[in-house]
Amino acid sequence: MRRIWAILVALSVLMFFFYRIMPTLPEFGNVEMFRKSTFDIIHKSTKGPYDAREFKKSKNLEEGSANVVTSIVVNYRSFDTLGEVTVLFISAFGAGLMLGSLRSNRRITFDEHNVLITASGVALPLIFLLGSYVFIHGHLSPGGGFPGGTILALGILLLALARNDFQVAGTKYVEQISGAGYVVVGLAGLAISGAFLANFLPTGTLGELFSAGVVPFVYALIGFKVGAELAGLISDLREGGA
Amino acid sequence: MITLLIAVPLALAFATIPLRKLARLILPVVVLANLVILFALKPHVGKIIELGSWPAVYGITLFFDEVAFYFLSFVNMMFLVISLITRDERFSIPLLVMNAALNGLILTADFFNSFVFLEIIAITSYIISTDKDNALGSFKYLIFGGVASIFYLIGAVFMYVQGGTLNMAYSSYIIGMSNPELMKTALVLFAITLLVELKVLPFGLWVPDVYGNGSALTPVVLGSVVSTATVYLFSRLSLTFVDEHLPPVFYYTVLASIVLSQLGALYQKNLGRTLAFASMASMSTVVASLLTRQESVVSTALFYLFTDALAKFVLFTVYGNLGVANFRNAKTTGIAFTFSSLSLVGVPIFAGFWGKYYLLKALFEQENYVLAIVVLVSTLIELAYVTKWNIEQWFAKKETTKGEIENIDLPFVQKLFVLLSALILLVIGLFPQLLLDKTNLLAEKLFDFQLYRDIFFGKGGM
Amino acid sequence: MQNILLVAIIGSVAGYLLSLFYRRLGPIILLLISLYAFAMLWEIPSNTAENFLGYDVLYLTTLGKYFALLSLIVFSAYAIFNIVWIETLKTPHAFNALSILTLAGTLGVFFTTNLVVLYIFWELTVFASLFIVPMSKSEAKRAAVWYVTITAIGSFAFLFATFLLYSKFYTFDLVEISRNLSQLPKPTIWLVVCSMLTAGIAKSGVFPLHVWLRNVHGKAPDTFSAVLSGQLVKMGSYLIALLLSIFPVTTLFPHFYGGVNILSYILIWLGNVSILVGTLMAIKQNDMKMLIAFSTVANSGYILIGLALLDQVGFAGGLFHVFNHAIAATMIFLSFAAVVYRTGTTKIDELGGLIHRMPVTFITYLVGIISLAGIPPTSGFISKWMIFQSLVSRGMFVTEIFVFVGSIGSFLYVFRPLAGVFLGQLKSKYKDVREVPIIMQIPMILLVLVTVFFGVFPGQVLEFIVGAQKEFGIDAFQYEGTKLITSMGYWDTWIVFVMFAVGFLIAAVLYLITPKGKKIPLEDQYTSGEFLHNFDLYHYASRFYAFLEREYGDHPSLENLYASLVNALKSLGKGIDYLVSRTASAYVFWLGVILLLLWKGW
Amino acid sequence: MLYDLSEMFREALSVPYYYLPLFLVSVGIYGIVSQRNLFKQLVSLGLIDTGVNILIISLGYIQGMEAPIYSAVTPIAKFVDPLPQALVLTAIVIGVGVLGLGATLLIKIHERYGTLELDELKFSKEHQRWQEIMDDEGDVGV
């Protein structure tokens, strides 16, 4: 009976979307970009007239990251990302808070295995390297702070799986510095360029490593923050909280 | 500069992660600073703030006008009081984050950004509502809130797909010009999510479990501050951008919600749950009034909202800290409780009376008899149980083993603020025009999409 | 008027603060305020408009002045009585403050014709008195909830009508509204007038909204019952009188029977039922305060009938009955308060023979019930006589039967406390009971004098009544000195008083010269070989009217009906609570239902 | 009614590529309503999030266009709409936050009640509520 009701509810949600929302959406794969604000964002000409941009050639654009998604995430809509970071932060914090108030000691331990211990020693630097690469090159290639940070946290997870005596310490300080750093970058934009989260560094050439103004810095901060938060979350879930 | 309202609490929340004791001390200072900034910026109302100095269509903008100003001052003042009376340092950082998010929610003029802030508020609410070991209630809230919030997300993306930008003013203007029916569809999507926070049955089914668990902080934060901010967003979306009524299904649901939640309150044997149901009923009344889309009714709905939030603050603070106590030995607290509960019902010379008075007057002027009768009937039910609980708390024999009346009372700071709020209710009750002038202004501005648009198109920077 | 109200409101704060130092100061302040208000009010001519806090809302009608002065008499007596009685209370300061606030509210009601201001003061009165009710007994908590809920049914109906009228005429002023009322369509007029009258009906304890009276009067603090029955219930009568006379009821509603319009006819029938219910239920009560509570229901019925007749004699009779019942009920409840003060119980079958110990209290009660039952030398007779006259002249025989039965019935029930409490053998546990202190005797004696005086010289009261009648365009009642004239004859109160005085003297002489009966203590019982343990059972106060009660023992009860209604509502609430206690799955289910509704009904 | 349904399906069929994400959403809804285990409900919530994210991404797709990154392969702009992708990035993180918090709540619930099965929870929960009402004793009954 319960399942029948569930099917009916799921169907009514489906019907609602099919009947009310879908008919108003454009055909799949047939979006008119000219009617979108992103058209100007892609060509990085939101403040000036339309101009075609080219990889490794266009210089000193209003926004310098080659990855347009990154330029939206960390520049045009950086405020959203600040909120996003906050979401992750507050839920990790909440998890720590709740796990810390558990009555029983529920530290999780595994059977240590030599293969894993040895392999983790080899893999860990590589994982960290990959993670750092991903968030440093966030403005050039797919990736960025969030995936990079997650990869860093995966390294910590590997250590936690491998060694029972491994404990994460100091994630809070990383979080503290990187989180506050993000807001400070934003406030610096307010102080220098007159708008919160504004870019106040030169944007360089499209596609170079040293380009895109504050974007790499912000992505690095996010990377560390996300890494620290997820590592903290892993540690909290394992240790039973702080 | 108004961005500081969001940036400062956030920065300090990040900066005090390892130092919870410090966060506890910083919280009231930050909120006070917010208020100072806010009042310093009062001359600059009617401006937009383009974040990252990107033009409004492309980036995220904040919109600071009278409506936002008054809502922000109310929310921050309530927050100041909450931060001063909360001695629990566990929740200082969530409260800091929530403060930033509430300010952001009120200021933002971007659909997706408001979704982000809504989610931050929701997550902090989930955390705060676990107070007093209420994980199960909080989990229900999380699942239901999570399911409902997808509608807001889809609504935001829907606005982008139809209007080409996420800016509220631009996309509403574009869609309103080409196909107003689409605005209504988007509004339905937004409303489904917002009604969860607005505690309208059946979307508000989570409320009694979360509010009624005896925690002092949860209902105060969720009931007075979060609800107010959500009402702001809801009225902004439904009144400013859309010219049409929501589908009548919503209106009838809300009407039913008013009466049913009052009946739920009548049935309860637990004061906390009674108050939870009562706050569902009053919030439903506010939403019902907003749905009428008439300026005079909306103005009184806001009046009702503010006085109700204040009254609920007192009631929940007293209940959360004392439980069901005998007021014989806690007279000041008791008087504050009684004043606020009478104001809640709408007994003359308290603020709540004028809320209901103006509401009924406006409704009758609009010949909206159905809502008027629903409000009267629900007030009657409310009166019965509020009287019951008041009498219970003044005249019950709560005796200890020695045969004396229990001698418990609120600590000084809480007592002070509780009494202060009750007195504010009394003062507003004596001089309702003080508040009514403001709400009239707010209602006028809420309906003025022309003005809202002009501020954007004229690019009033700050 | 503004000064009076402000003095009363500030006085309530002062009463609270001063009571903290010395609890007897509170009643003294109440007394002073009442006397001040009485003196001030006496000087104010009727039909004066005044500002209140800058709003042009106060307007004194003759009717309002009449009711206000009456209230002040009741409150003065109550205040004097309280000076000593207050020591029995646990929370004297709140009691004092709320009493004064009740006075302020009730005066405000009488001082205005602005509907919203009237409502505000009305609610002020209700909520001030609400918190007094549970002060002495914890059982009164439930009664208080009933009190406020049923009163609120009336007052919210009133508020509804107020706003409905506002939406039509854009004014809250009753005088102005009444001028234009006939422009409204018929159904609206019915709705408005009935809703507004509901407030009066609920407050004055007329059937079918009388259910709160029993427990509230019965369980309120003893002296406050006097105010409740003598004064607060009269607020309802005031509202009915004001509305019926200020609205052109006779032209708005078609004539129905005996020259009475349809609305009045319905009200008269409500009055009839009230008289019947009040009388029958009063006979059953063993608690003396509850007994008088039901007699209040019956008397409100009389008042309603008198007012609804809306003519020269009947309306005047109704208004006069307001006065009589207010004074009589105050006397009776004060004498009960005196009894309770000394003995601690209100159960009739636990008492007996107190005439020997508390003669002043007995006399007060006796005069009170004589007035209540309408026996000539007191003023109570005059008003009932006037109502009878009007009914007879219209040929409304059925109503006459009810009124007559009510009068007979009132003899039956007022006799029960008289016999059970004061007459008969004194129970041994009360043999040390003394008369109450002199300060408590003063108001009782004063009220006795008042009721006898106005029974003989009703001129001053009639002056107000005639003033009120003239004000609203009803033919004025005719009287010359002590001679009351109706179309069917006249009644000279002075002659009647002299006749009764002579009769009383003869009876007294006979009583003195004839041999006295032998006094036998209650314990002097004879049984055939059995030991008696509980002599109380042999006092005739126990199961006094068992033979009558048997006749209508299992009557239908409105109280139960309302209680089951509330239970039905609560079970709906329980359903909501059930939904709430489900899991998130169920919540999502309801979300699906709403979406389904949206899909169809966009 | 029948006509409505067929009409509706025809309209729905005109946008075939939005099928999959919406199907995922409704599977998630089905899971939340039908499952008796709280963890499964949480997983269903994750499913809904995924479904919505796919829907948003697919709303930005343009036939024949490339990923929105200036690179050696696509030196000039020939991109799909990048904004939905950016939004989804945010939405994913928010989803992760909610799921993480939910999982933590489940640990708390498990610690308190010893189970995550609703059928088993029911007894202990009602017992607890009964206890609360007893603690309150605040009923005078209207």
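Note on naming: letters A, B, ... go to the chains in the order of the sequence lines (proteins, then strands), and numbering restarts at 1 for each one.
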Answer yes or no: does atom [atom1] of [X] have more than 12 heavy-atom neighbours from other residues, nucleotides or ligands under 6.0 Å?
{"X": "A/Tyr133", "atom1": "OH", "result": "no"}
{"X": "C/Lys574", "atom1": "NZ", "result": "no"}
{"X": "A/Trp5", "atom1": "CH2", "result": "no"}
{"X": "A/Phe224", "atom1": "CZ", "result": "no"}

Report task. Please report the closest heavy-atom contact between C/Thr583 and A/Arg2, naming both atoms and the distance. Result -> OG1-NH2, 4.4 Å
**Report entry** Shortest non-hydrogen separation from C/Gly592 to A/Ser12 and the atoms involved
**Finding:** O-OG, 3.2 Å
**Report entry** Euclidean distance, C/Ile594 CD1 relative to A/Phe16 CZ, rounded to 0.5 Å
**Finding:**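 These two atoms lie 11.0 Å from each other.
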**Report entry** C/Leu595: which of A/Val13, A/Leu14, A/Val9 passes side-chain contact (heavy atoms from CB on, under 4.5 Å)
**Finding:**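 The residue from A/Val13, A/Leu14, A/Val9 that satisfies side-chain contact (heavy atoms from CB on, under 4.5 Å) with C/Leu595 turns out to be A/Val13.
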